[in-house]
There are 2 protein chains.
Amino acid sequence: METVDRGTADRRALKHVAIREYVRDLVAGCAPGTAAPSERDLVERFSVARMTVRQALDALVTEGVLQRFPGRGTFVAPPRRRPSRVASFTEDMAGRGAVAESRTLLAEKVKSPAGVARALGLVPREPVLRWRRLRLADGSPVCLSDAYISSSLVPGLLDGPDLPDSLYDELTARGRRPTWAEDSLSAGVATPDEAALLECPEGAVVIRLTRRALWEDRPIEISRSVYRADQHTVSFQLGG
Amino acid sequence: METVDRGTADRRALKHVAIREYVRDLVAGCAPGTAAPSERDLVERFSVARMTVRQALDALVTEGVLQRFPGRGTFVAPPRRRPSRVASFTEDMAGRGAVAESRTLLAEKVKSPAGVARALGLVPREPVLRWRRLRLADGSPVCLSDAYISSSLVPGLLDGPDLPDSLYDELTARGRRPTWAEDSLSAGVATPDEAALLECPEGAVVIRLTRRALWEDRPIEISRSVYRADQHTVSFQLGG
DNA sequence: TAGTGGTCTAGACCACGAA
DNA sequence: TCGTGGTCTAGACCACTAA
């Protein structure tokens, strides 16, 4: 077979990407079960080989946007139930229709305590950022959080004149948003200090949540949070 | 181009599947970073077109078994961090190295209460299975669970002479294992009844967990469980 | 029977990485 | 420079579904 194509790698003009995005737009907002264009339709419309169309549709099928039925056609897939993503307090509150605020109690570079160093995979006493905050939803205290952040991955995070509003927004902006996390949850009662800050009775039931978050398999944040149990429920979705 | 191939759909002999499984076996147990055969090697070995090899490798890349690096080659991928799967109490305990047991307190077909009917997507008063159990780990009481199961999806589940050991094993055997679930978690104190069964002081801190589990987008189980907080921590993994 | 997706061929040129 | 993966062509036959 003779030369067919310069490789089409003219950059920024990948055909399968163009087709994929065309179809994505086309079916955006369509009800599940709506028919997508057939592969041969797309071949004609874009004047490409069928393999190219299939490459485009394969991506959408893998993403869960489309579903193929041999002999029938390609259709908009029903929305996929997904396991929970790693969410920040701010996002968690937004999902509940509340506005998150926080009051910084402590923001400093410290020598990592042994437990923190182990969890973050650092040498003990290696500097880490510690950020302790009281977190509020619609103005009332919900949770007390104490986060240790691996400073080598986000240099200068707490150095600016203003502290970031949201840790995860800041990590996202730096391309360091956690890609995976493990949350461990237990219940107990508030200590006097916790009670004072959370404005609840000493001995009130609280939920304690420890998070270990990784970015690309590298530990980036470990935090302990204490929630007033009378004002908070933790929900999460599990995959099949 | 003339006829090349009978379609190869001779059944049970899909080339890309054969190649995929060959490569999967080849790299099974290999350390992350180990080189996989190059695409052109596989083309020669199997005497197929390169597109066919790519189809095979695409599947393994999507699965997270392999990673491709343009210009370098294809390599065994590092193990992927995954979000939590829907686990049963039995599996949860096994993961902690404990043996799960249970004592059935109630197993009956009842008219669904309004709340349960709503959660399971049933008509109120439509029959559902109710299964209330005390659950133990290595012999000591850990949790009290009360599950409602949509009987139309698993007819006769509690009718046999013996009750199943594990609800999820039984659902799995019937091809009805939940594919997705949402767990909601709160904390509180034990009621006198709960305290008696869990063998803990009245007023002890407990974790309350509600699960709504779906099989193929259809609600199949809703349950409420009460855990002794002094003996239990709930962990879950979140995806990126 | 016509149309759909599933599989496959036998080439091609490209950009990129390592030597 | 050579080998790798990334992209693409212009066809082909198959099984399956719906009319």
Side-chain angles (χ1 to χ4, degrees), chain A residues 1-23 26-27 33-77, chain B residues 1-23 26-27 33-77:
Chain A
M1 186 174 288
E2 87 295 351
T3 295
V4 169
D5 179 2
R6 298 96 26 241
T8 297
D10 302 11
R11 246 335 100 103
R12 282 44 157 167
L14 297 184
K15 296 189 179 181
H16 75 270
V17 171
I19 298 169
R20 191 221 303 150
E21 298 310 316
Y22 167 83
V23 175
L26 202 64
V27 304
T34 306
S38 81
E39 298 181 353
R40 286 165 179 87
D41 279 356
L42 293 167
V43 166
E44 262 196 73
R45 176 182 301 270
F46 287 92
S47 304
V48 295
R50 198 167 143 227
M51 285 304 307
T52 307
V53 166
R54 285 182 65 76
Q55 186 176 7
L57 297 187
D58 279 345
L60 295 173
V61 168
T62 300
E63 270 185 59
V65 173
L66 298 180
Q67 252 178 328
R68 288 201 256 233
F69 297 94
R72 288 204 288 135
T74 304
F75 303 86
V76 177
Chain B
M1 185 174 288
E2 86 294 352
T3 294
V4 170
D5 179 3
R6 298 90 33 236
T8 297
D10 303 9
R11 245 337 97 101
R12 281 41 155 171
L14 298 184
K15 295 188 180 180
H16 75 270
V17 172
I19 298 169
R20 191 221 302 149
E21 297 310 316
Y22 168 82
V23 175
L26 202 64
V27 304
T34 305
S38 81
E39 299 182 353
R40 287 165 178 88
D41 278 356
L42 292 167
V43 165
E44 261 196 74
R45 176 181 300 270
F46 287 92
S47 304
V48 295
R50 199 168 142 224
M51 287 303 309
T52 306
V53 166
R54 285 183 65 77
Q55 187 176 7
L57 297 187
D58 279 344
L60 295 173
V61 169
T62 301
E63 272 185 59
V65 173
L66 298 180
Q67 250 178 331
R68 288 202 257 234
F69 297 94
R72 288 205 288 136
T74 305
F75 303 86
V76 176

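All figures in this text were calculated on a predicted structure; none of them were measured in a lab. Chain A is the first sequence line, chain B the second, and so forth, proteins listed ahead of strands; every chain is numbered from 1.
Atom NE2 in A:His16 sits about 18 Å away from atom P in C:dC14, given to the nearest Å. Atom pair A:Leu57:CG and C:dT7:C1' shows a separation of 16 Å (rounding to whole Å applied). Rounded to a whole Å, the CG atom of A:Leu60 is 15 Å from the C1' atom of C:dG5. Nucleotide C:dC8 holds its C1' atom 16 Å from the CD atom of A:Gln55, rounded to whole Å. Rounded to whole Å, atom P of D:dT4 lies 15 Å from atom CG of B:Leu66. At whole-Å resolution of the value, CZ in A:Arg54 and P in C:dT9 are 14 Å apart. When rounded to the nearest whole Å, the span between NZ of B:Lys15 and P of D:dC13 equals 15 Å. The separation between B:Phe75 atom CZ and C:dG17 atom C1' is 10 Å, rounded to whole Å.
Closest non-hydrogen pair, B:Gly64 versus B:Ala77, comes out as O-CB, 3.4 Å. Residues B:Val43 and B:Val48 share a closest heavy-atom pair of CG1-O, 3.0 Å.
A:Glu21 is linked by a side-chain hydrogen bond (donor to acceptor under 3.5 Å, both in side chains) to A:Arg24, counting only residues two or more places apart in sequence or in another chain. Partners of A:Glu44 according to the side-chain hydrogen bond (donor to acceptor under 3.5 Å, both in side chains) rule, which considers only residues two or more places apart in sequence or in another chain, do not exist here. Partners of B:Thr62 according to the side-chain contact (heavy atoms from CB on, under 4.5 Å) rule, which considers only residues two or more places apart in sequence or in another chain, are A:Thr62. Listed by chain and residue number, B:Arg40, B:Asp41 satisfy the side-chain contact (heavy atoms from CB on, under 4.5 Å) test with B:Ser38 (two or more places apart in sequence, or in another chain).
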Taking N or O atoms only and anything under 3.5 Å, show me the protein contacts with nucleotides 17-19 of chain D, one pair per line.
residue : atom : partner : partner atom : Å
D:dT17  : O4'  : A:Gly71 : O            : 3.4

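For D:dG5, one of the phosphate oxygens OP1 or OP2 lies less than 4.0 angstrom from a side-chain nitrogen or oxygen of B:Thr74. Contact check, B:Thr52 against C:dT7: no side-chain N or O comes under 4.0 Å of OP1 or OP2. Put simply, B:Arg68 has a side-chain N or O that comes within less than 4.0 Å of OP1 or OP2 on D:dG6.
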Below 3.5 Å, can you tabulate the donor-acceptor pairs from side chains in residues 52-60 of chain B to any protein atom, sequence neighbours excluded?
residue : atom : partner : partner atom : Å
B:Arg54 : NH1  : B:Glu39 : OE1          : 3.3
B:Arg54 : NH1  : B:Glu39 : OE2          : 2.9
B:Asp58 : OD1  : B:Arg68 : NH2          : 2.0

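Pairs passing the ring pair (Phe, Tyr, Trp, His ring centres under 6.0 Å) check and including a residue from residues 33-61 of chain A, sequence neighbours excluded, read A:Tyr22-A:Phe46.
Heavy-atom contacts from other residues, nucleotides or ligands closer than 6.0 Å to CZ of A:Arg50 number more than 12.
Near-neighbour residues of DNA chain C inside residues 38-51 of chain A, defined by a heavy atom below 4.0 Å, number-ordered: A:Ser38, A:Glu39, A:Arg40, A:Arg50, A:Met51.
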